[in-house]
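All remarks here apply to the structure that follows.
We use all heavy atoms of the structure for the numbers below, so side chains are in, but hydrogens, waters and symmetry mates are not. Start at 1 with the first residue, then count along the sequence.
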Amino acid sequence: MPKAHFLSQRSMEVFTDVGVAPAILARSTPPENCKGFGWYTGLAGGGPADGHGRRLAFAEAYGAGYTDPDYIAASPCGMANLPQIRLEPILKSYAEQSPAAVVRFNHELVDLKQDAAGVTSTVLDRASGETYRVRSSYLLGADGGRTVGNMVGIKLGGVTKLKKMVMVHVSADLSNYFGDSEVGVRWVFNPEHPEHLHFAIVMVAVGPEHWGHKSEEWNVCMAFAPDELEPTDVDVVKWMREALGLPDFNPTIHHKADWWMDTVLAEEFRAGRVFLLGDAAHRHPPTGALGLNSAIQDAYNLCWKIAAVLAGRAGDGLLDTYHTERRAVAKTNIETSVGAVGSLEDMPSALGVSPHKSAEENWAALRLFWEELPGTTERRQAFSQYLGRRTVEYRPHNVEFGYTYDSAAIVSDGTAARAPLDAIRLHEPNTRPGHSLPHAWVLRAGERIALRSLVFGGYFALIAGEEGHAWVRAAEKLSAEREIPLRAARVGVDDGDLVDIRLAWLRNRKITSGGAVLVRPDGYIGFRSTDRVDDPYATLSSVFNQILAKSFAQDVFQERRKSLSANEFKNEEETNARR
């Protein structure tokens, strides 16, 4: 199915980091064809001819094609719109370019065993019937919750059967009925069939060559009553014909999927050397487009940590922070998605239509949207207020982009968390530890780069004020000593290694010219010093000890012990004790 199509700004930052964003954007919906959602009357058939195909309302969604000022200020990347069935081949091709990658389909994990040093997996080749074993340091379960979680005893909890849905992937030419190219998702209400007005029909343009109203393919979503039998292809075509008002509508059906909206959250995201990611750890309703994007962020959060542990730079405790950080975010995402589902029930009443009214009564209610009649202002205002409430789905910017982390891999600076103006819809940039690095365009030797790009490639970033020379020197010394991938720079307007050309960093940095922030490889601020300190080297050394869950002093001690004989080491210890 062409599902999971909205790719958030945060996800596009990840894809930019790994280098696959250009290929995604080349296939994605052009921004001008994906600015928001539209609401329409039936396209034809019965009722007043002047009402057919009327656009009743429009609401911007997910940054309005990267024109919303808040979205532009938040990230160098706009969101993208590409169904998972077209995204995954791009990711597969990209992965296979690496000589270290092996991608195998039609293989099944049938057993796994953990020990102190790693995981042994037994894999079935379903084509040959043969099994083989794979030895790994860690195992990442991204299997949708089918196998891995059960094997390691992780329990899932949640609410099932929120709403019964049917999605149909079809090819159809609707360009003669829709005339607006900027709409990506369309809700169609047909008063001629009041029995369908409890939900209407949702049509998502999925290209692949043309977009907006000229899309060749559509993902059509319908809600069925819980006690209805599983609909056949004949049933869904009949529903589409009635909802659109096109009795001769005969689309090519590529695939049909019946499913229940539900919520699932794993009690643990880690069991020893096994981790759960994406749908294996959490499942959400599609409202808010948080499912696939959450999965991408799970991987981005976990993989830099595993890389640090495998390289010997970090201790095992760093891996525990994956559960701590990502489960809290998943819980919020689920609550937001479920809340948005609940408000769907108010849509027909906000339009003034009802399954319990006649076709004439429903047409009369909708006519208020395009004619000046008694009650017009009140009806339009009621739906405007409804759209305001629906921004929890169409504009969950703080949930999809502004989420924060609180774990041992974040060094608190003692400041209190600021109460958000709107916890779901409004992202407020902040450099308090646990927040994502605020976006800023900066100049380096005449080249404009995004400040966030300092962490691309798995790097930490030390960002100091104009007078933060000591911070930079300390960071560079620690990087060399501990073999930590780290970039360090002073950022300022009148002075600095990177020039804050738009003053965007100055506006949000909340540090003095002598302060500094340390950014983790996933773009999250792990430490902040609002001003200069007496010993930046000692401060940063302690910070890295906490974030990486490994003491550098202990490493040096162990290496020194290995290099000396027992007597030499004993003599050195006694000398140090006397000192």
Side-chain angles (χ1 to χ4, degrees), residues 1-30 34 62 77-109 123 125-127 139-148 165 167-171 184-185 204-209 211 215-221 253-257 259 264 275-286 288-303 326 330 333 400:
M1 293 297 299
K3 59 183 179 179
H5 50 100
F6 284 123
L7 301 174
S8 72
Q9 288 184 289
R10 188 71 73 203
S11 293
M12 290 310 297
E13 288 180 349
V14 174
F15 289 137
T16 300
D17 183 355
V18 300
V20 73
I24 292 172
L25 292 173
R27 293 293 312 275
S28 174
T29 310
C34 195
Y62 307 115
C77 302
M79 60 80 66
N81 185 54
L82 185 65
Q84 192 171 347
I85 58 172
R86 296 183 185 130
L87 171 65
E88 287 193 350
I90 294 173
L91 300 182
K92 174 179 177 289
S93 175
Y94 183 82
E96 289 175 332
Q97 294 174 23
S98 169
V102 178
V103 180
R104 295 178 181 175
F105 286 85
N106 203 31
H107 286 62
E108 179 184 357
L109 176 72
V123 178
D125 181 342
R126 295 176 65 90
L139 184 145
L140 278 58
D143 63 331
R146 298 175 181 85
T147 304
V148 177
M165 307 298 298
M167 296 175 71
V168 192
H169 179 199
V170 304
S171 288
V185 178
V204 182
V206 293
E209 302 302 329
W211 299 91
S215 178
E216 301 94 347
E217 297 179 13
W218 301 84
N219 189 23
V220 183
C221 188
I253 296 180
H254 302 293
H255 190 69
K256 176 176 67 69
W259 54 282
V264 170
F275 300 86
L276 301 185
L277 298 84
D279 283 2
H282 46 78
R283 293 196 288 279
H284 326 163
L290 298 171
L292 174 63
N293 292 297
S294 298
I296 293 168
Q297 299 310 314
D298 288 346
Y300 200 54
N301 179 286
L302 176 60
C303 288
R326 290 305 303 167
N333 289 347
E400 68 179 358

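Between G78 and Q9, the shortest heavy-atom contact is C-CG, 4.0 Å. In terms of heavy atoms, N81 sits closest to T29 at ND2-OG1, 2.8 Å. The minimum heavy-atom distance between A295 and G278, with the atom names listed, is CB-CA, 3.5 Å. The two atoms that bring M1 and A257 nearest to each other are CG-CB, 3.9 Å, heavy atoms only. Closest approach of F6 and C34 over heavy atoms only: CE2-SG, 3.7 Å. The two residues S215 and G207 have their closest heavy-atom pair at OG-N, 3.0 Å.
Formation of a donor-acceptor pair under 3.5 Å by the R326 side chain with backbone atoms of A299 is not found in this model.
Put simply, the side chain of S171 does not reach to within 4.5 Å of the side chain of E216, judged on heavy atoms. Taking the side chain as every heavy atom from C-beta outward, H107 and D125 approach each other to under 4.5 Å. Proximity of V204 to H5: side-chain heavy atoms (C-beta onward) are separated by under 4.5 Å at one or more points. Residues L109 and D143 form no side-chain contact, since every pair of their non-hydrogen atoms from C-beta on lies 4.5 Å or further apart.
In this structure, CZ in R27 is found 6.0 Å from CZ in R86, a value given to the nearest 0.5 Å. With rounding to the nearest 0.5 angstrom, the CD atom of Q297 is 11.5 Å from the CG atom of L277. To the nearest 0.5 Å, atom NE2 of residue H284 and atom CG of residue L292 are 10.5 Å apart. To the nearest 0.5 Å, atom OG of residue S294 and atom CG of residue N301 are 12.0 Å apart. Within the model, atoms OG1 of T16 and CG of L25 stand 7.0 Å from one another, a figure rounded to the nearest 0.5 Å. From M12, atom CE reaches atom CD1 of I296 across 9.0 Å, with rounding to the nearest 0.5 Å.
In this structure, a donor-acceptor pair under 3.5 Å is present between the side chains of D17 and Y300. A donor atom on one side chain and an acceptor atom on the other are found under 3.5 Å apart for H282 and D298.
Partner of H169 under the side-chain hydrogen bond (donor to acceptor under 3.5 Å, both in side chains) criterion, out of H254, K3, K256, E217: E217 alone.
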Report the C-alpha distance between L140 and L302 in whole Å, list the side-chain angles of each, state the deciding distance to 0.1 Å, and finish with yes or no for side chain to side chain contact (heavy atoms under 4.5 Å, CB included).
-> CA-CA 10 Å; L140 278 58; L302 176 60; 3.9 Å; yes
Any chance you could lay out the side chain to side chain contact (heavy atoms under 4.5 Å, CB included) test for N293 and N333, step after step, and finish with the verdict?
-> CA-CA 10 Å; N293 292 297; N333 289 347; over 6 Å; no
F15/L91 under side chain to side chain contact (heavy atoms under 4.5 Å, CB included): CA gap, chis, key distance, verdict = CA-CA 10 Å; F15 289 137; L91 300 182; 3.8 Å; yes
Run the side chain to side chain contact (heavy atoms under 4.5 Å, CB included) check on I85 and V206 step by step: do they pass?
-> CA-CA 10 Å; I85 58 172; V206 293; over 6 Å; no
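Shown here are the side chain to side chain donor-acceptor pair (under 3.5 Å) partners of E400, two or more places apart in sequence or in another chain: Y71.
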